[in-house]
Amino acid sequence: MLDIRLIRENPDFVRERLATRGGGDEAQIEEVLRVDAERRKTQTELQRLQSERNRLSKEIGGKKSRGEATDDLESSVHKIGEQIIDLNASANGLDGQQKDLLLEIPNLPHESVPIGKDPSANRVVRSWGEKPRLTEPADHVALGAKLKLFNLERAAKLSGADFICFTDAGAKLERALINFMIDLHTREHGYIEISPPFLVRRVCMIGTSQLPKFEADMYGLEENQLFLAPTAEVQLTNLHRDEILRVADLPKKFVAHTPCFRREAGAAGRETRGIIRVHQFDKVELVKITTPEKSYQELESLTIDAERVLQLLGLHYRVVELCTGDLGFGSAKTYDLEVWSPGQDAYLEVSSCSNFEDFQARRMQLRFKNRDGENRFCHTLNGSGVALPRLFVALIENFQQPDGSVRIPENLQPYFGASEIR
RNA sequence: GGUGAGGUGGCUGAGUGGUUGAAAGCAGCGCUUUGCUAAAGCGCCGUAGCCCAAAAGGCUACCGAGGGUUCGAAUCCCUCCCUCACCGCCA
């Protein structure tokens, strides 16, 4: 959520920055400003009347204690009370309207983000490793079938299209990857491991900005007013919702392994081959809660923490800085990690590391007390470290052997318990 | 699911209709005393919004949330949420 004062004081700046996203969101600014002006006007009048009521009520209290008559006063206060009820209703309505509008406006891109309207303007900032030399590589669907690592037909039997059921060595490989990643982030990168609930309240989904705008992409349990979290970003970032943290306790760094649930509405046919885009997948997620001063350096280190996973597994990848038009709704700046997939002959996004600045913190009233004793909104960041099905795809495709087996990278062997799958 | 007890400032905790934004304590900040530390004394110390060009200043709201009663609500009533305890059910 943007700061209404920023919009009020620098509307042109806000419009200009929003326009770089190319989503037409700048059009909403005029409406917000209109409601804001109306709201303040109403509030000022309301407060004037409330002040008057308080003054007269006090007078009544005084007179009563002296045994004097108060009938005239009481009836005039009663009249003011009726006006207050009306005005209060308008003020509340305008307040809600303003908030609803603000919740639908995306974050402003950071000034360092390249301007562009689609992924073609994204910037590759670095890459690591090299593509493996493979002659006619099999893709993960073929490899998975041959080695019986997962079974999509049977997953469909259970849950429908676009679900995964890992089997045998495949299930074990997934579990090995999870443990490998969590150990790495907790032991070497200083993250605290969290095992959160998977169902979350609406207010959390609003806090991290999945809602209200993207409700169609979420699975919800209507009766219970709960949602299946689409990413552990929701749980980890909301852990301290409505709190005022001590600056000495920052940054907070959390890692969690959770399933993630996404309806992927409207995504049919896009990147859906095999297990690349599914409705439920596991992910190891990293979240940081920090201060405005530190958040950009924390974004760099968060990205590097995620990259370590791919490096230790020996997978070629590149880091892409998203342009303004490709940025997620709440993000001010994002680096995607894209791992090489020989089977797709393309890079696959396995992590998206973002700094939300105070966008989410403002929505969830997540603050810290600075050294001057003032309450300030925290900055929040998150990134996958990393998403499992695509990591799985990259792993088996990159390390496939001419004889159809898959070599397990050395760093993973202690977790997997074998050096190959055949 | 049932019954009961609760939800007050960063924390603990008073407060059952009229200067209560809220006693007291802790924590925090400033000053004094002090060789240093500790201790003591004094003072300050909630959040959000609005008015004002700004500062100064003023006003309003906020005691889980939302409604209601009243001239006036932390205090009375209703609904909901959450926490705790016990019972039931249960991995």
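In what follows, chains carry the letters A, B, and so on, assigned in the order in which the sequence lines appear, proteins first and then strands, with residues in each chain numbered from 1. Everything numeric in this text was worked out from a predicted model, so none of it was measured.
- Comparing the P positions of B:G21 and B:C62 gives an interatomic distance of 11 Å, to the nearest angstrom.
- Within 6.0 Å of CD on A:Glu111 lie no more than 12 heavy atoms contributed by other residues, nucleotides or ligands.
- Within 6.0 Å of atom CZ in A:Arg8, more than 12 heavy atoms from other residues, nucleotides or ligands are found, so the atom counts as buried in its surroundings.
- As rounded to the nearest Å, B:G10 and B:A5 have P atoms that lie 29 Å from one another.
- Close to B:C81, at under 4.0 Å from its OP1 or OP2, lies no side-chain N or O of A:Arg202.
- From A:Tyr191, atom OH reaches atom CG of A:Leu302 across 4.5 Å, with rounding to the nearest 0.5 Å.
- The nearest whole Å value for the distance from the CD atom in A:Gln98 to the C1' atom in B:A48 is 13 Å.
- Taking atom P in both B:C80 and B:A91, the straight-line distance is 30 Å, to the nearest Å.
- Using a 3.5 Å distance cut-off with no hydrogens or angles, the side chains of A:Tyr415 and A:Asp183 do pair a donor with an acceptor.
- Look at the P atom in both B:G15 and B:A23: the space between them is 14 Å, to the nearest Å.
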Please write out each protein N/O paired with an N/O of nucleotides 6-12 of chain B under 3.5 Å, distance rounded to 0.1 Å.
none

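- The CG atom of A:Asp242 sits 13 Å away from the C1' atom of B:A48 (whole-angstrom rounding).
- Each of A:Asp36 and A:Leu73 was assigned the nucleotide of RNA chain B with the nearest heavy atom; the assignment lying further toward the 5' end belongs to A:Asp36.
- Annotation for A:Glu30: atom CD does not count as buried by contact number, only 12 or fewer foreign heavy atoms lying within 6.0 Å.
- Rounded to the nearest Å, the gap between the P atom of B:G4 and that of B:U79 is 13 Å.
- Residue-to-nucleotide proximity on RNA chain B shows that, of A:Asn92 and A:Glu74, the 5′-proximal contact is made by A:Asn92.
- Per the geometry, NE2 belonging to A:His78 stands 12 Å off C1' belonging to B:U69, to the nearest Å.
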request  = Sugar-phosphate atoms are those with a prime plus P, OP1 and OP2; base atoms are the rest. Using that split, label each nucleotide of nucleotides 58-63 of chain B B, S or - for protein heavy atoms under 4.0 Å, 5' to 3'.
outcome  = -BBS--
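- What separates CD1 of A:Ile84 from P of B:A73 is a distance of 10 Å, to the nearest Å.
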query = If pairs are Watson-Crick or G-U with both distances under 3.5 Å, what is the dot-bracket string of RNA chain B, marking crossing pairs with [ ] and pairs to another strand with |?
reply = ((((((((.[[[..)..(.....]]].(((((.......))))).((((((.....)))))).[[[[[..)....]]]]])))))))....
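- Applying salt bridge (Lys or Arg N to Asp or Glu O under 4.0 Å) to A:Asp3 and the options A:Arg362, A:Arg376, A:Arg363 leaves one that passes, A:Arg362.
- Side-chain contact check for A:Cys204 versus A:Gln235: every heavy-atom pair is 4.5 Å or farther apart.
- Listed candidates were B:C82, B:C71, B:C50. Nearest to the side chain of A:Arg201 is B:C82.
- Within 4.0 Å of A:Arg362, counting heavy atoms only, lies no atom of the nucleic acid at all.
- For the P atoms, the distance from B:U69 to B:U75 is 15 Å, rounded to whole Å.
- Annotation: the span from A:Phe227 atom CZ to A:Met205 atom CE amounts to 5.5 Å, rounded to 0.5 Å.
- Atom CD1 in A:Ile60 sits roughly 7 Å away from atom C1' in B:G72 (whole-Å rounding).
- The P atoms of B:A48 and B:C36 are separated by 39 Å, rounded to the nearest whole Å.
- Between atom CD1 of residue A:Ile4 and atom CG of residue A:Leu102 there is a gap of 5.0 Å, rounded to the nearest 0.5 Å.
- Here B:G66 presents its P atom at 11 Å from CG of A:Asp95, a figure rounded to the nearest Å.
- Only the P atoms considered, B:C45 is 24 Å distant from B:A39, to the nearest whole Å.
- No hydrogens or angles considered: a donor-acceptor pair under 3.5 Å links the side chains of A:Thr380 and A:Gln360.
- From A:Asn122, atom CG reaches atom OG1 of A:Thr324 across 9.0 Å, with rounding to the nearest 0.5 Å.
- Expressed to the nearest 0.5 Å, how far CZ of A:Phe281 lies from CD1 of A:Ile276 amounts to 13.0 Å.
- Atoms CZ and CG, from A:Arg15 and A:Asn10 in turn, are 11.0 Å apart once rounded to the nearest 0.5 Å.
- OP1 or OP2 of B:A48 lies within a sub-4.0 Å distance of a side-chain N or O belonging to A:Arg367.
- Put simply, CD1 on A:Ile85 is 11 Å from P on B:A73, counting in whole angstrom units.
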